[in-house]
Every structure is written in structure tokens, then in C-alpha cells.
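Keep in mind it's a predicted model, so treat the numbers as computed, not measured. So that the names make sense, note that chain A is the first sequence line, chain B the second, and so on, each numbered from 1.
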Number of protein chains: 2
Amino acid sequence: MCHHCNYQELLTSVKLETTESRLRVLEVVGNNSFPLSAGDIYKTLERSVSINRVTVYRILDLLVDHGIVERLSTGGRSAYFGLAPNDYHQPHPHFYCKQCGQMDCLNPDSLTVKVESLSKTFPGRIDKVEIRVDGICKNCLKQN
Amino acid sequence: MCHHCNYQELLTSVKLETTESRLRVLEVVGNNSFPLSAGDIYKTLERSVSINRVTVYRILDLLVDHGIVERLSTGGRSAYFGLAPNDYHQPHPHFYCKQCGQMDCLNPDSLTVKVESLSKTFPGRIDKVEIRVDGICKNCLKQN
DNA sequence: AGCCAATAAGCAATATAGTTGCATTACAAT
DNA sequence: ATTGTAATGCAACTATATTGCTTATTGGCT
Ligand SMILES: [Mn+2]
Ligand SMILES: [Mn+2]
Ligand SMILES: [Zn+2]
Ligand SMILES: [Zn+2]
């Protein structure tokens with residue numbers, strides 16, 4: 001767990017009741033150093049606690065809606081989940097290996113984006129800018 | 001059709017035989033000013049020609065593999081397709097409206113990314129950088 | 001032209017990820 | 001303890017994409 005994050009507090013900070021399941025889901029997401037799919041999160045939880053697959057999906061939706069978890073698209077079919085940016089975690093781009101499906105967090109400064117000009121002129125509402133780098137990871141590269 | 005693109009030529013330029021179906025799919029993708037889902041492309045084609053849904057998926061995969069069509073992830077469940085960047089079409093970010101699912105192409109300069117530092121140090125292979133802006137489009141905004 | 005091999009397209013079945021409706025359980029307030 | 005509300009479980013379902021196999025089309029050859 002990130003020493004800045006108390007998951008219990010994180011839940012109450014967005015006015016969500018703490019339940020065992022919510023805390024477990026948030027722990028799995030937060031304790032992991034890279035984003036995970038809903039399926040990964042479910043499989044991880046299943047090993048230690050009893051929880052339903054649908055509950056995992058619902059809790060993830062809930063945490064995303066409340067802004068403490070971020071849903072990331074991939075080059076593949078499923079979304080991945082990580083802790084949302086906050087005071088202690090800057091927004092940052094991710095790398096997605098299209099071979100093994102592993103997603104990695106990149107340094108916030110490794111790719112920077114200038115969003116001001118767009119924000120000024122864009123006629124709609126902008127909620128988020130997602131930057132994803134696609135390719136083949138180091139491990140998969142050396143296997144070939 | 002973009003006056004720079006001859007779709008027939010585009011196919012032969014990547015050593016793909018021209019078939020009626022490939023040409024039709026590429027036309028729909030290329031003639032559209034914003035990216036479309038496989039389903040949208042299929043529905044469009046269906047109106048005028050007889051083609052199978054699976055064929056559309058296969059052709060899209062093929063065109064993506066050959067680098068003339070680009071697959072874009074969305075905040076939603078399906079991928080969208082547009083012409084891949086080439087000499088006449090710079091890479092550019094996209095806007096995705098999470099309400100209506102419309103995707104729009106943004107100006108190549110509206111968001112710029114510095115990828116050099118990452119390319120130098122990143123241990124894997126980088127194929128693509130995808131930038132997606134999520135939010136609510138102008139039309140959906142005024143409906144509420 | 002006719003034949004053959006290779007490739008493309010069609011069709012049905014299947015896979016995968018996520019969602020919905022409704023029943024059951026837990027839990028907080030009274 | 002009772003009750004109302006919200007969370008979770010379970011089964012069925014939806015949307016999107018993929019697979020295996022059959023049929024049709026194409027291009028090269030004679
Ligand atoms: Mn991250
Ligand atoms: Mn575009
Ligand atoms: Zn990999
Ligand atoms: Zn919209």
C-alpha cells in the first residue's frame with residue numbers, strides 16, 4: 001500500500017460507506033503497482049475472500065464514478081483499473097504490451113501534454129485526457 | 001474521399017490485393033470525417049452492398065495490420081476505426097463523448113506530446129502513442 | 001476457354017467482457 | 001426487535017468480437 005493512502009479514508013473522503021468488499025477491491029487496485037483488469041482483480045480477490053464477479057464490476061464502477069479509481073482503456077478488449085490521480089499521484093501515461101497485455105505506469109514526465117489551447121477552444125466538456133503508449137514490452141521482446 | 005487518397009492505390013501500396021469488399025470497407029472508413037465502430041461500418045455497407053459482418057471485422061483487422069487503418073480505443077466497449085496517419089494525415093488526438101459515443105478528430109496541434117525522452121529510455125518497443133480526450137460533446141451538453 | 005490452387009468471403013457457433021433484473025443479506029436508524 | 005435502505009449474490013442476458021469450417025472468387029497455368 002502506498003504510504004500516502006489510507007483506503008478507508010479514501011472511501012469516506014468521497015462519502016462512500018466502507019464495506020468489506022469495497023475495501024478489498026480498493027486494496028487490490030491500490031496495492032498493485034500497475035493497473036489490472038476487472039477479471040484480474042476478481043481472480044486475486046477470489047483466492048482469499050468470497051466475492052461475486054458482478055460485485056467486483058459494480059464496485060469498480062462505483063469507485064470510478066466517485067473519482068478514486070481510474071478506468072483505463074487498452075489496445076485490447078478489457079478496461080484496466082488503477083488508483084485515480086490525486087494529491088499524491090500525478091496523472092501519468094501508461095504503456096500497454098499488446099502481446100502479454102501487461103500495462104505499466106510511465107513516469108508523469110515521460111510524456112507531457114499541452115491541453116490549455118484545446119480547453120480554451122473546445123466546445124464540449126473535457127473530463128480527462130488519456131495517453132497510452134502501445135507496443136511490446138521488454139520481456140515479450142526477448143522471448144522472440 | 002480525401003483528394004490525396006486513392007483507396008485502390010492505398011491497398012496496393014501495402015501489397016494487398018484489391019477486392020470489392022476491401023475497397024468498400026476502406027471507402028467507408030476513409031470517406032468519413034470521424035472514426036467509426038465496426039458495427040457502424042457494417043451498417044453503412046449493408047445499406048448498399050451485400051457483405052458479412054465477420055468479413056468486415058476481418059478486413060478491418062487486415063487493414064490495421066497493414067498500417068492503412070488505425071484502431072482507436074474508446075471510453076466505451078468497442079474500438080473505432082479511422083485512416084491511419086500517413087504523409088497527408090498527421091497523427092492526431094481524438095475526442096470521445098461518453099454520452100453519445102461520437103468520436104471526433106482533434107487538430108494535430110491541439111495536444112502535442114513529447115515522446116523523445118521516453119523513446120530513448122524505454123526498454124520495450126513503442127509502436128504508437130494514442131491520445132484520447134474524454135468528456136461530453138457540445139450537442140449532448142445542450143440537451144441537458 | 002478450362003482447370004487448379006490459393007485466398008477471400010459467408011455462415012453458424014462460440015468466446016469474452018460487461019450488464020441487468022430480481023432475490024437475498026447485511027446493516028443502520030428508530 | 002423492527003423496519004427501511006443499500007449492498008451483494010445469482011442467473012440470465014447483451015454487445016462485441018473471434019473461431020472453425022464451408023463455399024465462392026480469383027489469378028495463374030495449360
Ligand atoms: Mn498508473
Ligand atoms: Mn482521426
Ligand atoms: Zn509483454
Ligand atoms: Zn455526445
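- Of the candidates D:dT8, C:dG18, C:dA9, C:dA9 carries the atom nearest the B:Thr55 side chain, counting heavy atoms from C-beta on.
- Using a 4.0 Å cut-off, no side-chain N or O of B:Tyr57 falls inside it from OP1 or OP2 of D:dT18.
- Proximity of a side-chain donor or acceptor of A:Ser119 to a complementary backbone N or O of A:Val115 within less than 3.5 Å is detected.
- Within the 4.0 angstrom heavy-atom criterion, only backbone atoms of the sugar-phosphate kind lie near A:Ser50; the bases stay farther away.
- Note on B:Thr19: every side-chain N or O is 4.0 Å or more away from OP1 and OP2 of D:dT26.
- At whole-Å resolution of the value, OH in A:Tyr42 and P in D:dC10 are 9 Å apart.
- In this structure the side chain of A:Ser73 reaches within 4.5 angstrom of the side chain of B:Arg132, judged on heavy atoms.
- Between A:Glu20 and A:Arg24 there is a salt bridge, with a side-chain nitrogen of the basic residue lying less than 4.0 Å from a carboxylate oxygen of the acidic one.
- Side-chain nitrogen and oxygen atoms of A:Asn52 include none within less than 4.0 Å of the OP1 or OP2 phosphate oxygen of D:dT8.
- Between the CZ atom of B:Arg24 and the P atom of C:dA8 there is a distance of 17 Å, rounded to whole Å.
- On a pure distance criterion of 3.5 Å, a polar donor-acceptor pair joins the side chain of B:Arg58 and the base of C:dG10.
- Between the CD atom of B:Glu20 and the C1' atom of D:dT26 there is a distance of 13 Å, given to the nearest Å.
- DNA chain D lies under 4.0 Å from at least one heavy atom of each of the following residues of residues 60-83 of chain A: A:Arg77.
- Within the nucleic acid shown, A:Ser21 comes within 4.0 Å of sugar-phosphate atoms alone, with no base atom in reach, counting heavy atoms only.
- With hydrogens and angles ignored, no donor-acceptor pair under 3.5 angstrom links the side chain of A:Arg53 to the base of D:dG9.
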